[in-house]
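Comments concern the structure below.
Values reported hereafter were calculated over all heavy atoms of this structure, with side chains retained and with hydrogens, waters and symmetry mates removed. Numbers restart at 1 for each chain; the letters A, B, ... are given by sequence-line order, proteins then strands. All figures in this text were calculated on a predicted structure; none of them were measured in a lab.
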Protein chains: 2
Amino acid sequence: MIFSSKAEYGVRLMVELGRQTPTQPTSLKAIAEAERLPLAYLEQVVARLKRAGLVMSARGAHGGYWLSRPADQITMDEVVQALEGAIAPMECFLSDTTERVLCSHPGTGVEEHRHCATKLLWMRVQGGIARSLQTTTLAELVEFSRRESVVPGREPAVVPGREPVVPAV
Amino acid sequence: MIFSSKAEYGVRLMVELGRQTPTQPTSLKAIAEAERLPLAYLEQVVARLKRAGLVMSARGAHGGYWLSRPADQITMDEVVQALEGAIAPMECFLSDTTERVLCSHPGTGVEEHRHCATKLLWMRVQGGIARSLQTTTLAELVEFSRRESVVPGREPAVVPGREPVVPAV
DNA sequence: TCGAAATCCTACCAACGCGGTTGGTTAATC
DNA sequence: GATTAACCAACCGCGTTGGTAGGATTTCGA
């Protein structure tokens with residue numbers, strides 16, 4: 001599994017917030033019940049979203065959460081990044097903003113100076129993921145969730161302007 | 001981290017095999033030393049590749065492994081799939097070859113019939129990953145590893161009709 | 001014919017992250 | 001002042017990960 005349940009829950013939470021009128025806050029309890037998710041765990045999830053500035057909150061009675069921006073100005077890579085941290089296919093991608101190629105194993109002093117072929121592969125994978133996340137907005141997901149599921153069997157039309165997904169969406 | 005070390009080790013192993021002349025087998029020991037990886041663990045990794053039919057082997061002295069096909073006829077999604085199993089961003093994508101949308105939580109009898117918005121997102125992510133893996137061949141990685149480290153260069157030949165990669169591979 | 005080199009096979013294990021739970025404290029509303 | 005809700009900090013069982021251990025089997029060269 002590529003993403004943990006934090007991402008799943010967090011995205012659902014964001015969609016739920018996007019479905020609400022932004023004028024009044026929505027309580028976590030309401031969301032937990034609607035999505036049948038454990039409230040206490042959702043608290044930890046939403047904390048990440050708040051730290052990332054994606055949602056705002058009000059405490060006390062009738063408090064709750066709401067989106068800090070309109071849903072069409074929130075791309076899903078922001079959301080997923082807030083929930084999962086940096087999206088990296090492999091370890092050597094993390095604190096490695098420099099172009100250094102040092103995928104050899106530590107310990108031995110000898111540095112591997114051959115081209116790290118796997119890095120090319122993981123770069124492409126990362127690019128593929130990033131692209132799909134950046135080109136999807138929260139508003140799209142909200143709109144998708146609003147459509148009545150007339151027939152559960154067939155997937156509805158992909159959002160116009162998007163390329164068709166390869167494995168038959 | 002999206003992929004485990006099995007994928008990293010296995011891809012390296014395949015690249016290493018791709019660098020050899022295919023006429024004679026390469027022993028795991030040689031690969032383990034070249035890549036500084038634990039031999040006993042590599043055995044488990046290569047077993048997956050063999051089960052998937054990507055490599056062949058000969059036992060006994062002077063035995064070893066070799067690619068079962070030319071490297072330009074091996075796409076990396078085959079390799080990664082053999083190593084990691086099915087590539088799924090989220091659990092509900094696994095034994096779900098049918099078009100059913102049932103991302104609700106089990107337990108309660110009530111089925112969630114609202115459109116599962118997260119599924120749309122994970123579909124796109126999966127598509128992005130699949131595309132990047134399918135359009136990369138082992139031969140490319142081998143060729144890349146042969147190049148002296150000049151400039152990582154430009155991403156070659158994205159599938160026609162696709163837009164260019166966003167984060168600058 | 002023997003030993004070395006290699007694949008092949010099964011079991012075991014420590015450590016870590018995941019998916020929560022528990023139990024509170026603080027702040028706002030009625 | 002009671003209720004509602006966000007906020008906070010531990011804690012914890014469990015499964016997966018990344019190996020190791022130890023052997024069995026096959027093949028080749030001397």
Side-chain angles (χ1 to χ4, degrees), chain A residues 1-13 17 20 24-52 54-66 68 83-86 88-91 94 105-107, chain B residues 1-13 17 20 24-33 35-52 54-66 68 83-86 88-92 94 105-107:
Chain A
M1 235 51 52
I2 289 174
F3 296 119
S4 72
S5 74
K6 275 192 185 57
E8 174 77 19
Y9 294 179
V11 171
R12 285 205 211 173
L13 197 156
L17 289 184
Q20 309 299 322
Q24 55 188 6
T26 307
S27 74
L28 264 199
K29 191 183 172 196
I31 293 176
E33 283 170 357
E35 298 280 345
R36 297 196 205 94
L37 301 176
L39 172 61
Y41 190 45
L42 266 192
E43 287 184 357
Q44 296 177 41
V45 171
V46 80
R48 293 171 179 247
L49 296 169
K50 185 172 184 197
R51 252 176 271 139
L54 292 169
V55 304
M56 305 182 74
S57 64
R59 304 178 67 161
H62 303 106
Y65 296 89
W66 62 93
S68 62
L83 294 163
E84 295 279 340
M90 209 47 87
E91 276 192 61
L94 283 185
H105 285 267
Chain B
M1 236 50 54
I2 289 175
F3 297 119
S4 72
S5 73
K6 275 192 185 59
E8 174 76 20
Y9 294 179
V11 171
R12 286 205 212 172
L13 197 155
L17 290 185
Q20 308 299 322
Q24 54 188 6
T26 306
S27 75
L28 264 199
K29 192 184 172 197
I31 294 176
E33 283 169 358
E35 298 280 345
R36 297 195 204 93
L37 301 176
L39 172 62
Y41 190 46
L42 266 192
E43 287 183 358
Q44 295 177 39
V45 171
V46 79
R48 292 171 180 246
L49 295 169
K50 186 174 184 195
R51 252 177 270 138
L54 291 169
V55 303
M56 304 181 75
S57 64
R59 304 179 67 164
H62 302 105
Y65 297 89
W66 62 92
S68 63
L83 294 164
E84 294 279 338
M90 209 45 89
E91 274 193 64
C92 51
L94 282 186
H105 284 266

Handout entry: Rounded interatomic separation in angstrom, taking CG from B/L83 and P from D/dG19
Key = 14 Å

Exercise for the section: Mind calculating the distance between CD1 (B/I31) and P (C/dA5) to the nearest angstrom? Expected result: 18 Å

Fill in the blank from the handout: Between the CG atom in A/L42 and the CZ atom in A/R12, the distance rounded to the nearest 0.5 Å is 9.5 Å

Problem - Rounded distance (nearest 0.5 Å) linking atom CD1 of B/I31 with atom CD of B/Q20 - result: 7.0 Å

Between N or O atoms, less than 3.5 Å apart, protein on one side and nucleotides 8-18 of chain D on the other: list the pairs.
| unit_1 | atom_1 | unit_2 | atom_2 | d |
| --- | --- | --- | --- | --- |
| D/dC8 | N4 | A/E43 | OE1 | 3.1 |
| D/dG18 | OP2 | B/S5 | N | 3.4 |
| D/dG18 | OP2 | B/S5 | OG | 3.4 |

Completion exercise
Note: A/S4 and A/E84 closest approach over all heavy atoms is OG-OE2, 2.7 Å

Handout entry: B/Y41 vs B/K6 side-chain heavy atoms within contact, under 4.5 Å
Key = yes

Practice task
Would you mind reading off the distance between A/L39 atom CG and D/dT4 atom P, rounded to a whole angstrom?
Solution key: 13 Å

Exercise for the section: Compare every heavy atom of A/Y65 with every heavy atom of A/L28, then report the nearest pair and how far apart it is. Expected result: CG-CE1, 3.5 Å

Output a table of nitrogen or oxygen pairs between the protein and nucleotides 25-30 of chain C separated by less than 3.5 Å.
| unit_1 | atom_1 | unit_2 | atom_2 | d |
| --- | --- | --- | --- | --- |
| C/dT26 | O2 | A/R59 | NH2 | 2.8 |

Problem - Length of the CG-C1' vector between B/L49 and C/dC8, whole Å - result: 15 Å

Practice task
Starting from P on D/dA6, measure out to CE on A/M56 and report it in whole angstrom.
Solution key: 15 Å

Completion exercise
Interatomic distance, CZ@A/R48 vs CG@A/L13, rounded to 0.5 Å, equals 13.5 Å

Problem - Under-4.0 Å side-chain N/O to phosphate OP1/OP2 contact, A/K29 with D/dA6 - result: no

Completion exercise
In this structure, CG of B/L49 is separated from OG of B/S57 (nearest 0.5 Å) by 11.5 Å

Exercise for the section: Measure from CD on A/E33 to C1' on D/dA5 and round the result to the nearest Å. Expected result: 13 Å

Practice task
Please report, rounded to the nearest Å, how far the C1' atom of D/dT20 is from the CG atom of B/L37.
Solution key: 15 Å

Exercise for the section: Flag the pair B/L83 / B/V45 as yes when at least one side-chain heavy-atom distance between them is below 4.5 Å, and no otherwise. Expected result: yes

Practice task
Ignoring backbone atoms, establish whether B/S57 has a side-chain N or O less than 4.0 Å from OP1 or OP2 of C/dC8.
Solution key: yes

Exercise for the section: Report yes if at least one side-chain N or O of A/K50 is closer than 4.0 Å to OP1 or OP2 of D/dA6; otherwise report no. Expected result: no

Practice task
Name the nucleic acid region contacted by B/A47, choosing base, sugar-phosphate or nothing; use a 4.0 angstrom heavy-atom cut-off, strictly under.
Solution key: nothing

Completion exercise
Here the distance between atom P of C/dC18 and atom CD1 of A/I2, to the nearest Å, is 14 Å

Handout entry: First encountered from the 5' end of DNA chain D, between B/P38 and A/Y65
Key = A/Y65

Practice task
Identify the two heavy atoms, one from B/L39 and one from B/K29, that lie closest to each other, and give their separation to 0.1 Å.
Solution key: CD1-N, 3.9 Å

